[in-house]
There are 2 protein chains.
Amino acid sequence: MTRKARPSEAAVEQRRQDILGLVLDRGELRIAELAERFDVSLMTMHRDLDDLAARHLLRKLRGRVASFPPLTVETATRFREGLRLAEKSALAAAAIGEVVPGSTVLVDDSTTNFPLAGQLTRIERLTVITNSVRVAQTVASAPEASVVFIGGRYHGEFESTSGPDTLRALASIRPDLAFVSATAITHGHLYHPVQDYALIKQEICRSAARSVLLVDHSKFGRTATYPHGDVGSFDLVVTDDRIPAEELQAIRDFGVEVRVAPVRREETNP
Amino acid sequence: MTRKARPSEAAVEQRRQDILGLVLDRGELRIAELAERFDVSLMTMHRDLDDLAARHLLRKLRGRVASFPPLTVETATRFREGLRLAEKSALAAAAIGEVVPGSTVLVDDSTTNFPLAGQLTRIERLTVITNSVRVAQTVASAPEASVVFIGGRYHGEFESTSGPDTLRALASIRPDLAFVSATAITHGHLYHPVQDYALIKQEICRSAARSVLLVDHSKFGRTATYPHGDVGSFDLVVTDDRIPAEELQAIRDFGVEVRVAPVRREETNP
DNA sequence: TATTATTAACACACTTTATGTGAATATGTC
DNA sequence: GACATATTCACATAAAGTGTGTTAATAATA
C-alpha cells in the first residue's frame, strides 16, 4: 500500500537511539508494541533490535526485548557517541584555554572529552596521555603529536583501559594538567557505575599538577554505585549554562572555581 | 560523451591502492600523467590523491605527487589493510591450533595477525595481550574475552604502541604463547623498518614461553633497516605455500619447525 | 601579467541501503 | 508432537548516498 519514504542513515540511527531510550526507561517491552509505536514493520523493528543487540546495548528475547542495567549501558561509548554534542563542544571551547603549548596533558576516557581531544591537535608540542583509544587516535591524527597510551585491562564497550596496571602507570607519571569528566554528580560529589573507572579518576587527580573537571548539565542530580571524591579535588570545574542553580552553589561552596560555558541553542533536547 | 559506469567503493579503493603502488615505485609522478594512465579525469585524480594525502601515504605537490620512504609507507596499517587477505587467513587457520583454551596469548601488532585475532574469539577463557588497537578491539568484541592492552608511545599510522614503556611492560609479563609477524625476512634473518618495533619483536620472544612467527610469502627476500634476530628465536614458523624453496630450507637449517599453510587460489596477485 | 594548477558547484548515473511483503523456518507452549 | 507465534529469508522497490566529469572560478607559479 502506501509505501514509506526511505529515511536517511542518520534518521535510522536516531530511531534506534530512541528505541534504546524507551527500552532503557521501561526495562522490558514487547517487540510488536515497539513496531507499532515507531510505525515500522515488524521486520524493520527486528532489524533495529538486532543491531542494538549486536552492540550489546540490549537483549533480544522471544517476542520482547530487555535492557541491561541502565547506567551501565549509558556509560558505553557506543551509546553516548554524538549525544549532547553542542554541550560537549562548548565545554571543550571553554576548557582549551587552560592548555599551555609544550606541556603534558592527561585526558580521561569519556565522550565528553572527544571534542576537547580534537581541539588539542591545534596546540603545539603537546604530550597527550590517555587511556582512551578514541582520544589517542584523534590526537595522533595530527602529524607532530606525541601521544602516550596507558595500558591495562581493555574494555571494548568503553574503548579504553582500566584496572591495576592502569592505576600503576598513572601513579608513575605527573602531567601538568588533567581533564577529567564524570558520569554522575550531586552536590559536588562524584559517582561512577564502574569501580575500575572510579578509581582511575581519583588517581588522576592525585597525579596531575592541575586538574579540570568537565561535566555537562545532564550529569547533575544523578548518582551511581561508586563514589570517587568530590569537586574539591579539582582546580577548576567547567560546565554549561543549564547547570541547576543549587548544584552550581554546591560546587562554589567547596571553594572551587567554576566556569560556565554558554551553549548556543537551536534544538537541544532536555 | 560516452559516460563511464560508476565504480563500486571497493573498486575506487583498489584504484587508489594502485595509484599509491605506482607512486611508491616511481618516487614521483605528474598528476596529469596519472590521470591519463588510470583513464580518469583530472578532477577525479585530484580527489584520489587528496584522499591518499589525507592518509599520509603520499605528498601532493603542485602538478605532481611524491612518495614518502617506501618501506615506511608499506608498514602503515592504512596501506596494508586488506592486502593478501587470503594468505593471512590461511596462516591464521594453520596457527590457531597452537592456542590452548584458558591460556595467555600475546599477539603482535601486524595486519597479518588480524585474521588470527578474529579466530581467537572462538577459544574459551583466553587472556589476550597486545599492543595493537585493532587486535584489542577485535578480541574484545567477544563478550567474555579478557584483553590486556600494553601501553606506551602511541603511533597513529600503526594504531599501536611502542617505545620504552611498552618494552618495560612486556618484560614484566610471561605469556604462554606469542604470535609475532615480520615485515622482512631473508635467509631466516628478520628486519623491520622501525627500530621501536624491531625491539618489541625481540622482547616478545624473550618473554613468551613459546613463540610462533607468522609470515606470508611476500615478506621473503626483503630486508629493512633494523635487524631483530632470526627464526632461531621461535618455536614454530607458519607461512604459506608460495614461500621460495631456498628460504624454506634456510629456516629448516636453523632447526625450527615450519608449517606451510595451503592457500586456496582464485585470483591472487603476485 | 600570463600560464597552469587547483578547487567549487553542479548534474547525472550508478551503487548502496532501508523498507515491507509474503513465504519458509524456528521456537516455544500446551 | 501439534499448534501458535515469533523470527528469518528472499525479493522487489524507492530513495539516499557516492563517484564522476564538465565548466567556471580561484589560487599559485613563472
Side-chain angles (χ1 to χ4, degrees), chain A residues 1-23 26-68 78-79 81-82, chain B residues 1-23 26-68 78-79 81-82:
Chain A
M1 303 293 170
T2 58
R3 274 205 159 262
K4 206 181 309 171
R6 179 191 177 286
S8 71
E9 290 179 25
V12 172
E13 180 55 28
Q14 184 55 58
R15 184 183 64 221
R16 288 177 184 177
Q17 293 285 342
D18 291 346
I19 293 168
L20 179 60
L22 196 62
V23 174
R26 301 291 178 82
E28 192 173 314
L29 276 162
R30 292 198 51 76
I31 294 176
E33 189 194 326
L34 279 168
E36 194 182 354
R37 190 188 276 257
F38 284 90
D39 192 31
V40 295
S41 74
L42 218 51
M43 184 72 238
T44 297
M45 184 50 67
H46 271 289
R47 283 191 269 241
D48 285 356
L49 296 172
D50 285 342
D51 177 82
L52 291 167
R55 291 195 262 169
H56 303 112
L57 295 173
L58 50 73
R59 268 172 305 178
K60 221 175 150 226
L61 310 166
R62 189 181 170 81
R64 66 218 153 86
V65 284
S67 69
F68 292 110
R78 275 177 289 277
F79 174 77
E81 190 69 47
Chain B
M1 311 289 172
T2 57
R3 274 209 160 260
K4 206 180 309 172
R6 180 190 177 285
S8 69
E9 291 179 27
V12 172
E13 179 55 29
Q14 183 57 57
R15 184 184 63 221
R16 288 176 185 181
Q17 292 286 341
D18 292 345
I19 292 168
L20 179 59
L22 196 63
V23 174
R26 300 293 179 80
E28 191 173 315
L29 277 161
R30 291 198 54 75
I31 294 176
E33 190 195 326
L34 279 168
E36 194 181 353
R37 191 188 274 258
F38 284 90
D39 191 31
V40 295
S41 74
L42 217 50
M43 185 70 238
T44 298
M45 184 50 67
H46 271 288
R47 282 191 270 240
D48 285 357
L49 296 171
D50 285 343
D51 177 82
L52 290 166
R55 292 194 263 169
H56 302 112
L57 294 172
L58 50 72
R59 267 171 306 176
K60 217 171 153 234
L61 310 167
R62 188 179 170 83
R64 58 196 214 281
V65 283
S67 69
F68 292 111
R78 275 176 288 277
F79 175 76
E81 190 70 47

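These numbers come from a predicted model, not from an experiment. Lettering of chains follows the sequences in order, A, B, ..., and the numbering in each one begins at 1. These values consider heavy atoms only, across backbone and side chains, with no hydrogens, waters or symmetry-generated copies.
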Atom CG of B:Asp39 to atom C1' of D:dG21: distance rounded to whole Å?
12 Å
Let me spell it out: for each of A:Glu9 and A:Arg62, pick the nucleotide of DNA chain C with the closest heavy atom. Which residue's pick is nearer the 5' end?
A:Glu9
Can you tell me the distance, in whole Å, between the CZ atom of B:Arg16 and the C1' atom of D:dT20?
11 Å
Using a 4.0 Å cut-off on heavy atoms, which residues in residues 29-37 of chain A reach DNA chain D? List them by number, or say none.
A:Arg30, A:Ile31
Touch class at under 4.0 angstrom, heavy-atom based, for A:Arg15 against every strand present
sugar-phosphate
Closest non-hydrogen atom pair between B:Leu57 and B:Leu20, with its separation
O-CD1, 3.5 Å
Roughly how many Å is it from CZ in B:Arg6 to P in C:dC14, rounded to a whole number?
10 Å
Can you tell me how far C1' of D:dA6 sits from CZ of A:Arg64, to the nearest Å?
12 Å
Over how many whole Å does the gap from A:Ile19 atom CD1 to C:dA18 atom C1' extend?
13 Å
B:Arg15 side chain reached by B:Val40 side chain, heavy atoms, under 4.5 Å
yes
To the nearest 0.5 angstrom, please state how far the CG atom of B:Asp48 sits from the CD atom of B:Glu13.
9.5 Å
If every non-hydrogen atom of A:Leu61 is compared with every non-hydrogen atom of A:Ile31, which pair is closest and at what distance?
O-CD1, 4.2 Å
Tell me whether the count of non-hydrogen atoms from other residues, nucleotides or ligands lying under 6.0 Å of CD in B:Glu28 goes above 12.
yes
Is any NZ, NE, NH1 or NH2 atom of the basic residue among A:Arg55 and A:Asp51 found under 4.0 Å from an Asp or Glu carboxylate oxygen of the other?
yes
Output the distance between atom CZ (B:Phe38) and atom CD1 (B:Ile19), rounded to the nearest 0.5 Å.
5.0 Å
The helix from C:dT1-D:dA30 to C:dC30-D:dG1: angle between end helix axes, five pairs per end, rounded to 10 degrees:
60°
Does anything in residues 42-52 of chain A reach DNA chain D, meaning a heavy atom under 4.0 Å, and if so which residues?
A:Met43, A:His46, A:Asp50
Can you check whether A:Lys60 has a side-chain N or O nearer than 4.0 Å to OP1 or OP2 of D:dT8?
yes
CG of B:Leu34 to CZ of B:Arg26: how many Å apart, nearest 0.5 Å?
9.0 Å
Are any side-chain N or O atoms of A:Arg59 and backbone N or O atoms of A:Ser67, one a donor and one an acceptor, separated by less than 3.5 Å?
yes
For A:Ala53 versus A:Lys60, what's the shortest heavy-atom pair and its separation?
CB-CB, 4.5 Å
So which heavy atom on A:Leu42 is nearest to which on A:Ala32, and how close?
CD1-CA, 3.8 Å
